Structure formats: structure tokens, C-alpha cells
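Keep in mind that this is a model prediction, so the values were computed, not measured. Protein chains get the first letters and strands the later ones, always in sequence-line order, with residue 1 at the start of each.
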Amino acid sequence: VEARGLSATGPAALPRRLEAQSPRYGEKVIYGLLAACAVLSVLTTTAIVISLVVPSIQFFGDVPIGDFLFGTDWGPSFQPPSFGVLPIVVGTLSVTFWGLIFAIPIGLGSAIYLSEYAGPRVRKIVKPILEILAGIPTIAFGFFALIFITPQIQKIWPGHFLGGPPLIFSVLAGGLAIGLMIVPIIASISDDAMSAVPRGLREGAYALGSTRAKVATKVVFPAALSGIVASIILAISRAIGETMIVLIAVGSTPNLTLSPVQSVQAMTAFIGTTATGDIPTGSTIYKTIFAVALLLFGMTLLMNLLSVRLVRRFRQVYE
Amino acid sequence: MTGFDPTTGRTGLAVTGARGVTKEMLSDQPRKDVIRNTIFAAVLFLAIALALAGLCLLIGKNLVDGWSRLNLDLITQNNSSIPENAGLRNAIIGTLWIMAFVIGMLVPIGVATAIFLEEYGNRNSRITRLIELNIQNLAGVPSIIYGLLGLAFIARAPLNLGYVTLTASMTLTLLVLPVVILASREAIRAVPPSIREGSLALGATKWQTIRRQVLPASIPGIATGVILAISRAIGETAPLIPLGAATFVTFTPGPTTDFTAMPVVIFNWVKQSQPEFQTLAAAGVLLLIALLIVMNSFAIWLRNRYEQTW
């Protein structure tokens, strides 16, 4: 009887739960506070989307979406106004193009040099310097384009070649400054990707008689390709969203031109010159700003999603 | 075997020849490869030299142009429409006020989000992954769009704060929050699980473990992220433009007044046509770069100095 009683009451004598005996409300409050902070990031995105989409919907009530996306005449504050966004989209893309022409070879060259050629000592000095370049405010790049790059272009540009002579505000000057700005992004992310390639792959290639250049270009580069592409996409997204450089050095003339030495208006420059705090909510120009911003947001979001995906892929393979 | 010497006579000749050919085949790379290799290395070196030259040119040009205005007047005089009397004093005070609020909001919210994601969040839960993806994407949103968010949500309804310092601080906080969150998460993740398990095994609650073990160990990494975020916020101009940043202030900005900031005033100088203002802008840009380089170098030093191996 006693044994049966013990077996019946035994487990009951021990605490039933392994959890704490006090309810620990404090811990729950802390959990709630932390969760609230984490949710703030989601709220920020929601707020961005709402603040862009609502005025844009109103905008597309006034202006047909086809006229906006495919129109070639941009002058929302002219009389009569025209809302063809193509000139400023092309402006943004051509500035980005010249930036990439400069930044991709220099960024990738630097990355290959740092990961495959430089000794640990050189690396230890050069990498922080590149990080410093990444920390320079964009207004400094814009000013540099205006006072240094533009005069140099005007000096060396051959006369009327390709729409010359270059103006004070030009696509090329802004593009080169943006290129200098995004070099550290390409260099440091690509360097990380190439450094993550396992040593065994390199050693195998060397053992088969490859030269250093061959190992770098035929083994390490392809193995790190997804990381490298991600760095370039991220750089494109930064270049598209850059405001101060295009505002200072590229000008605000919405020309539909591919010439590198003409002044154009980029999407961000339009927003920067037009959204100055005193525009009335609900006016056409206010709604136009948000429609352009929505397009810009969509373009950069697409790039970012793509690059996040690619980075994840190269992490999965080698880490 | 006496009398046989492989280094003399016909045998010697054959041996030397064979050895030469073998050596050529085994160790020497084809000459074309050697040349190609050297050219490749030279091109790479040129690339990195160009990047560094760009940095030197940028700093050097501003130094040469702005040298005559690089004195105490630059930081002791208020902004003025006469370039000789213009300085950054009230712009610096404006930036300091903005940054005071930014730090006050940025550090608790950023660190709390990082703790939540690393310590409480379930890696595979849908909500955690949604928040993660969200933060990664927020890091890539153009800064001017944050300015529009500030204009539409903070300066005007629903928050309706108006164009004051706090509006600028909240906008910049949202802009640089991802930097702090990502850096803090890295730092928290670097603390090995055994530390947590030890603390929990000794009877500490989860929060006690985080506060007494995990956070102290990850402070250097968090501090690095915070400094980098603040230096980015100091240099940002674009998001302040839609918020109606005052480019020409004659008063000393405070927490509830109109706001101004160093890059905004410098941007205004850049736009002026008088050459004196260009000189002033060069000096101002240099001051801003110097400030940010000092902050970033400190952050990088901090990261390397306290990089802990367990």
C-alpha cells in the first residue's frame, strides 16, 4: 500500500514544472519591449510604403500611368505641366552607367589585389583606407566633382566630340564622383567574397601548375561570382539613390540625352530641388514628388532584394 | 664505378642537357605566362592606386582651396551672407542637438532590436525572417526617401511635429538604425553559447544572462556600429532637405527651434557663386571629412582592439 501510495504521490512531491516558480513578469515585460523595438523596423517600412503610395495613387488619378512611365517630356512645374518621367530616369541611369564604368574595374581590381596579391601588411594598411573612403560624406564627392572633375573634363574633352564642349554641370563629372564613392562598396564586399573561397581550391590550382593570375581569374573569381555580382548590384542601388552628387554636379535640366557632357536631371535631383519643405500637401507637385520617389524606391528595392539573395547564396556554399 | 664522372665528357654534356630541359619543363613557367602574370599584377596595382589617388586628390584639392579659411573663425563665427564673416558655429550647434536626440533614440532601439532577433527570435520563424529581410532592405533605401518619410509622417500629420530639431533627429535615426542593428547582431552572435549556458545553469534568468554576460561582452562591437552610424548621420544632407532645413540661420538652434546642420550649411555655400563662398565651402567640407575620418578611424580601431577570441 505504501509503495503504491509513493508511486502515486511521488511525482506530485517534486515540482511539476521545470520552469521557474515565480511568474517572472519582469522578463515578460522586457520581452515585450524588445519585440516592440524590433517591430519598429517593420513599421518604418510600412510608413515608407504608405507615405509613398497614397500620394502616388492620387497622382495617377490625375495623370495616366502610361503618360508618366513612357512620356518623354518632363516639366511638372511648367505651364502647361508635362509628366513624362523618362528624361529623369534616363538621367539617373546614365549617371549610374558612367559611375560603374569607372568603379567596376577599379573596385574589382582592388578586391583581387587585396585578396590574392597583397601581403597581410599591405592589406592591414590599405583596407582601413578604403573604409575611410566609404565614410566620406556625399556632399564632399559632389563638391569635388564641381571644383576638380568638371574643370579636368573641360580641359581634356576634344571639342565638339559627342555633344561637347562639356558644360559646368555634366553627367560625366557626377558619374565619376559617384564611381569614386561606390569603389569601396565593390572592393570590400568582393574582397570578402573572394577571401571566403576555401584555400583548398587555390592550392589545387597551384598544384596543377597554374599561375597566380590564372588562379585569381579562373578559380577564385568564378567561385566568388555571386558575392561579386551582389556587390555590384548594391553599388548600382547606392548610385541610383545618391542625391547630393547629382544635385551639385549634374544639374537640374531634364534633357532626354545620352551625351555624357550635357547637364541632365536625375530622379533624386528632382526630388531634392523640388521637395523643400514648403510645398503644400496634396498639390500636384507634392504628389509628383512622391510618384517619382515610389519609382525610385521600387528600383532600389528590386536591386537590394536581388543582392541579399546572392549574398546568401555565396554564404551558403562556403560557410 | 670508378672512372665514371657524370660532370665531364660526353656523359656530362648529356646529363647537363637533360637536367636543363627537365628544369625548364618542371619549374619554369612559359615566358608568355610570366609576362601575362606581371601585366595582370600591374593592372591590379594600378586599380588600387587609382582609388587611393582619388581619395588623396579629394582631400588635397579641398586643402589647397580652403587653406585660407581653415582657422578658428570657421567654427566661432555664425553663418552670414558676407563670406568673410561666415562660419559654422550655429551649424555645429545644430548638428550637436540633432545628434544628441539621435543617440538617445538610436542606441536603445537598435540594441533592443538586435537582442530580440539574436536572443529571443526563432531563426526559422516567419516573423523573425520577415524582420530580418526588412532591415536588410531598409539599409538600402535611398536617404532622400527617408527625407520624404520625415516630411510626410513626422513633420506633417500624423505626428505633426513641424520642421524642428526632433523631426530631423527622428528621420536620421530611422535612416541609420539598420547600421546599428546589423553591427550589434554580429557582436551578440560572436558571444559563444557556452557563456549563456553557463549563466543559465547557475540560475540566472534569460534577461540577467543577457544583461550581465552577453551585453558586456559585445559592447565593443555595438560601440563600433553606433559610431559608424552617427558619423553617417552627421554627413547626411539629402534627408534634411525635404524637412526644410534652414540653410541661413542667424539664431542659435535649440531642441525645439528650426534646425540646421553642418552639411546643409556647407551645401548652401557650395551653391553660392562668389569665389569666397567656394573657399569657405572647401574649408567646411574639409572640417566635415576630418571629423568623420576621426570618428571612423576610432570605430575601426575599437573593433580591432577589442576583437575577442573565445
Side-chain angles (χ1 to χ4, degrees), chain A residues 24 27 30-31 33-35 37-38 40-42 44-45 47-48 51 105-106 109-110 112-113 117 126 128-133 135-137 139-140 143-144 146-148 180 183 187 211-213 237 241 243-244 248 268 271-272 275-278 281 289-290 293 296-297 300-301 304-305 308, chain B residues 29 33 36-37 40-41 43-45 47-48 50-52 54-55 57-58 61 65 109 112-113 115-117 120 131 134-138 140-145 148-149 151-153 156 163 174 205-207 231 235 237-238 241-244 263 266-267 270 281 285 288-289 292-293 296 300:
Chain A
R24 285 187 179 159
E27 295 278 316
I30 284 166
Y31 177 83
L33 285 176
L34 295 175
C37 287
L40 184 76
S41 81
V42 180
T44 308
T45 316
I48 290 179
S51 70
I106 298 217
S110 305
I112 297 175
Y113 183 82
Y117 282 77
V126 174
I129 295 181
L130 279 181
E131 285 180 63
I132 286 177
L133 193 59
I136 288 182
I139 186 171
F143 189 53
F144 181 61
L146 190 66
I147 62 171
F148 184 79
L180 192 58
V183 159
T211 61
R212 202 169 245 215
S237 147
T243 308
M244 296 319 291
I248 294 173
T268 49
I271 300 172
T276 45
D278 47 7
T281 310
I289 292 168
F290 283 85
L296 183 70
F297 179 71
T300 53
L301 184 70
N304 292 332
L305 284 173
V308 165
Chain B
Q29 297 159 344
D33 268 7
R36 229 184 255 165
N37 215 2
F40 187 64
V43 168
L44 295 182
F45 189 78
I48 201 153
L50 264 173
L52 298 182
L55 177 66
L57 270 175
L58 194 156
K61 177 71 180 161
D65 282 12
I109 298 177
T113 305
I115 293 175
F116 180 80
L117 289 176
Y120 291 90
I131 295 176
N134 215 315
I135 291 167
Q136 277 168 325
N137 283 316
L138 279 178
V141 173
S143 56
I144 186 116
I145 289 188
L148 293 182
L149 172 72
L151 173 70
F153 253 76
R156 297 180 179 177
Y163 306 103
L174 293 179
T205 65
K206 185 151 195 173
W207 174 245
S231 87
T237 325
I241 293 175
L243 300 179
I266 295 170
F267 176 52
V270 168
V285 163
L288 197 60
I289 292 179
L292 299 192
I293 286 182
N296 285 355
I300 293 168

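For B:Leu292, the part sitting under 4.5 Å from any heavy atom of chain A is the side chain, from C-beta outward, and nothing else. With a 4.5 angstrom heavy-atom cutoff, A:Leu180 touches chain B only via side-chain atoms. In this structure, chain B has a heavy atom under 4.5 Å from the side chain of A:Ser237, while its backbone stays farther away. With a 4.5 Å cut-off on non-hydrogen atoms, A:Ile129 touches chain B through its backbone and its side chain both. Contacts between A:Val42 and chain B at a heavy-atom distance below 4.5 Å involve backbone atoms as well as side-chain atoms. In this structure, chain B has no heavy atom under 4.5 Å from any part of A:Leu33. With a threshold of 4.5 angstrom between heavy atoms, B:Phe267 approaches chain A through its backbone and through its side chain. If you measure heavy-atom distances from B:Ile109 to chain A, the contacts under 4.5 Å come from both the backbone and the side chain. Both the backbone and the side chain of B:Leu57 come within contact range of chain A, with heavy atoms under 4.5 Å apart. Both the backbone and the side chain of A:Phe297 come within less than 4.5 Å of a heavy atom of chain B.
Screening B:Asn137, B:Leu138, B:Ile135 against A:Thr45 for a side-chain contact (heavy atoms from CB on, under 4.5 Å) leaves a single residue, B:Leu138.
Between B:Ile300 and A:Glu131, some side-chain heavy-atom pair lies under the 4.5 Å cut-off.
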key: Stepwise side chain to side chain contact (heavy atoms under 4.5 Å, CB included) test for B:Asn134 and A:Thr44   = CA-CA 9 Å; B:Asn134 215 315; A:Thr44 308; over 6 Å; no
key: Stepwise side chain to side chain contact (heavy atoms under 4.5 Å, CB included) test for A:Leu296 and B:Ile144   = CA-CA 10 Å; A:Leu296 183 70; B:Ile144 186 116; 4.2 Å; yes
key: Check against side chain to side chain contact (heavy atoms under 4.5 Å, CB included), A:Ile48 and B:Ile145   = CA-CA 8 Å; A:Ile48 290 179; B:Ile145 289 188; 4.0 Å; yes
message = Assess the residue pair B:Leu58 and A:Phe143 against the criterion (side chain to side chain contact (heavy atoms under 4.5 Å, CB included)); give the C-alpha distance rounded to whole Å, side-chain angles, the decisive distance to 0.1 Å, and a yes or no.
response = CA-CA 9 Å; B:Leu58 194 156; A:Phe143 189 53; over 6 Å; no
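To the nearest 0.5 Å, atom NZ of residue B:Lys61 and atom CD1 of residue A:Ile147 are 5.0 Å apart. Here the straight-line distance linking atom CD1 of A:Ile271 with atom CG of B:Leu151 works out to 11.5 Å at 0.5 Å rounding. Taking CG from B:Asn37 and OG1 from A:Thr211, the interatomic distance works out to 4.5 Å, rounded to the nearest 0.5 Å. Here CG of B:Leu52 is found 7.5 Å from OG of A:Ser110. Values are rounded to the nearest 0.5 Å. Taking CG of B:Leu174 as the reference point, atom CG of A:Leu40 lies at 6.5 Å (rounded to 0.5 Å).
In plain terms, the two heavy atoms of B:Ala51 and A:Leu133 that are nearest each other are O-CD2, 4.2 Å. Across all their heavy atoms, A:Ala38 and B:Ile131 have their closest contact at O-CG2, 3.9 Å. Contact detail for B:Thr113 and A:Cys37: the closest heavy-atom pair is OG1-O, 3.2 Å. Listed here is the closest heavy atom pair of A:Tyr117 and B:Ala41: CE2-CB, 3.7 Å. The shortest heavy-atom contact between B:Ala47 and A:Ile106 is O-CG2, 3.4 Å. Across all their heavy atoms, B:Pro263 and A:Ile139 have their closest contact at O-CD1, 3.3 Å.
A:Tyr31 and B:Phe116 have tilted rings, their planes meeting at an angle from 30° to 60° on a 0 to 90° scale.
With chain A as the partner, the residue from B:Leu50, B:Val43, B:Val270, B:Ile115 showing the most heavy-atom pairs under 4.5 Å is B:Val270. Among the candidates A:Pro105, A:Gly272, A:Ala35, the residue making the largest number of heavy-atom pairs closer than 4.5 Å to chain B is A:Ala35.
Around atom OH of B:Tyr120, more than 12 heavy atoms belonging to other residues, nucleotides or ligands sit under 6.0 Å away.
Put simply, the side chain of B:Asn296 never gets that close to the backbone of A:Ile132: no donor and acceptor are under 3.5 Å apart. Although no hydrogens or angles enter the test, the distance criterion places no donor-acceptor pair under 3.5 Å between the side chain of A:Thr300 and the main chain of B:Val141.
Under the rule for a ring pair (Phe, Tyr, Trp, His ring centres under 6.0 Å), the partners of A:Phe144 that lie at least two apart in sequence or sit in another chain are A:Phe148.
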